[in-house]
Amino acid sequence: MGAKHSGYHVVEKIRKLGVDLRSNAIVHKIETGADGQVTALHYLSPNRSATRLTAKVYVLAGHGFETPKLMLMNNLGARSGMVGRNLMVHPTIDMTLLSSEPLWAGRGQNIHGAIMQRRNQPDRTRIPSTRYDLLNNPPTVGIAETALSERKIGAALDDEIHDRSARIFTFEALTEDLPDKANGISLNPGFKDSLGLPGLRLDYRTSDYTNANLPRLMDDFANFLQATNGTRISAPTQWICQQHIMGTVRMGTQAEDAVVDRDLRCFDHQNLFLVTTGVMPTAGGVNPTLTGMALAIRAGKHIAKEV
Ligand SMILES: Cc1cc2nc3c(=O)[nH]c(=O)nc-3n(C[C@H](O)[C@H](O)[C@H](O)COP(=O)(O)OP(=O)(O)OC[C@H]3O[C@@H](n4cnc5c(N)ncnc54)[C@H](O)[C@@H]3O)c2cc1C
């Protein structure tokens, strides 16, 4: 019903302002002049027909993988050696339990709330920041699958779904990771997509710093179990990626170790802005999108002065 913000609202607004929005347009080639200024970009349509566009100012906003991929494909921002490096993803671990009382997850917004006490503790230099999410995904499909695999059918299946749907609950812990040049994306010329463009290679290893969080997380999970008088039904076993992509075109104060300045302008290409959470030089332990939007608005104010 449109009550929640999404990119759709922006699309509606800019269309009314007369913006020419082109979909099914995959940018692949970016031209630069002798002074490093971007002079044109090219996009491909699904039928591989090519279009060249010129402008005064250019913005790449293809998120934290495709933005550095485009930069690498076109040898942009190369001075820092940081394009595609320092990938951070908020490694996450979760635990699902059955509480003794009905909690009724699955109604309302998809996260009930968060526990923030572990965000910035005095031992942060040794143990990373954490945000606990109280997940609220509808649990019925997983419950039904498990019950069916246990050969529960008919009334027994109904009873199981009714009982577990009310009591199942998942906590997830998002953990801070640090910028590390060894973690990142690079071009994978061995893989071509349907337009013949190179794929991505991803290298990522959780650090000792991130892993140092595990004993505390396990203690906290044990406390959550006790507080809900619950029974653990999935034990936390391994880190998963939280899909928060950061660091790959990092912000900084100088071209020697950063790709963009505080306004998201490329050090090497003064009329090119990178609008993505990939600019974040560190990750903290909290979701990045609102900060990404704030940075986009700030970059927009600078761009508006130049066009
Ligand atoms: C499952 C999931 C859950 C998430 N939950 C949360 C959450 O709860 N809270 C939170 O803060 N964040 C969350 N995130 C992260 C959030 O989605 C991103 O931070 C946010 O979408 C980034 O916005 P963006 O505009 O930079 O990139 P995107 O939203 O990814 O937009 C990039 C756009 O660029 C386009 N594009 C890419 N390459 C090209 C190209 N070569 N040419 C033309 N177009 C191109 C893509 O098609 C896409 O439309 C979640 C992500 C996922 C996947």
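Counting convention: from 1, in listed order, for ligands and their atoms alike.
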Taking only heavy atoms of [X], which atoms of ligand 1 are found under 4.0 Å from at least one of them?
X: L70; value: 41 (N)
X: P288; value: 11 (O)
X: I26; value: 41 (N), 42 (N)

Requested in this report: For a salt bridge (charged side-chain N to carboxylate O under 4.0 Å, His left out) with R118, tell me which candidate from D219, D220, D123 qualifies.
Outcome: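 Answer after filtering D219, D220, D123: D220.
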Report task. Kindly determine whether N24 and S45 satisfy side-chain hydrogen bond (donor to acceptor under 3.5 Å, both in side chains), including the steps that lead there. Result -> CA-CA 6 Å; N24 282 324; S45 300; over 6 Å; no
Using a distance threshold of 4.0 Å (strictly less than), state whether [atom] has a protein heavy-atom neighbour.
atom: atom 34 (O) of ligand 1; value: yes
atom: atom 11 (O) of ligand 1; value: yes
atom: atom 47 (O) of ligand 1; value: no
atom: atom 25 (O) of ligand 1; value: no
atom: atom 7 (C) of ligand 1; value: yes

Any idea which protein heavy atom is nearest [atom], and the distance to it?
atom: atom 45 (C) of ligand 1; answer: G62 CA, 4.8 Å
atom: atom 44 (N) of ligand 1; answer: A25 O, 4.2 Å
atom: atom 14 (N) of ligand 1; answer: H244 CD2, 3.8 Å
atom: atom 16 (C) of ligand 1; answer: T289 OG1, 3.3 Å
atom: atom 39 (C) of ligand 1; answer: E66 CB, 4.6 Å

Query raised in the report: Got an N/O contact under 3.5 Å between V27 and ligand 1?
Result: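 Yes, V27 has an N/O under 3.5 Å of an N/O on ligand 1.
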Query raised in the report: Can an N or O of N287 be found at a distance shorter than 3.5 Å from an N or O of ligand 1?
Result: yes
Query raised in the report: Between the side chains of Y204 and D177, does any donor sit under 3.5 Å from an acceptor?
Result: yes
Query raised in the report: Hey, are D180 and S207 close enough side-chain-wise for a donor-acceptor pair under 3.5 Å?
Result: no
Query raised in the report: Can you find a heavy atom in the side chain of F171 that is under 4.5 Å from one in the side chain of L135?
Result: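 SC-SC contact between F171 and L135 ruled out.
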Query raised in the report: Should T96 and I168 count as side-chain neighbours, where that means a heavy-atom distance under 4.5 Å?
Result: yes
Requested in this report: For A61 and ligand 1, answer yes if some heavy atom of the residue is under 4.0 Å from a ligand atom, otherwise no.
Outcome: yes
Query raised in the report: Shared ILVMFWY cluster between L76 and V260, side chains joined below 4.5 angstrom?
Result: yes
Query raised in the report: Taking the inter-plane angle between the rings of Y132 and F221 on a 0 to 90° scale, is it parallel (under 30°), tilted (30 to 60°) or perpendicular (over 60°)?
Result: perpendicular
Requested in this report: For atom 21 (O) of ligand 1, state which one of Q243, R22, H63 supplies the nearest heavy atom.
Outcome: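 Result: the heavy atom closest to atom 21 (O) of ligand 1 is in H63.
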**Report entry** side chain to side chain donor-acceptor pair (under 3.5 Å) partner of T92, chosen from R131, H244, Q242, E172
**Finding:** Q242
Query raised in the report: Which pair of heavy atoms, one from L97 and one from S99, lies closest together, and at what distance?
Result: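 Distance-wise, the nearest heavy atoms are CD1-N, 3.6 Å.
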Query raised in the report: Could R52 and E31 be called an ion pair, given the rule that one side-chain N must be under 4.0 Å from one carboxylate O?
Result: yes
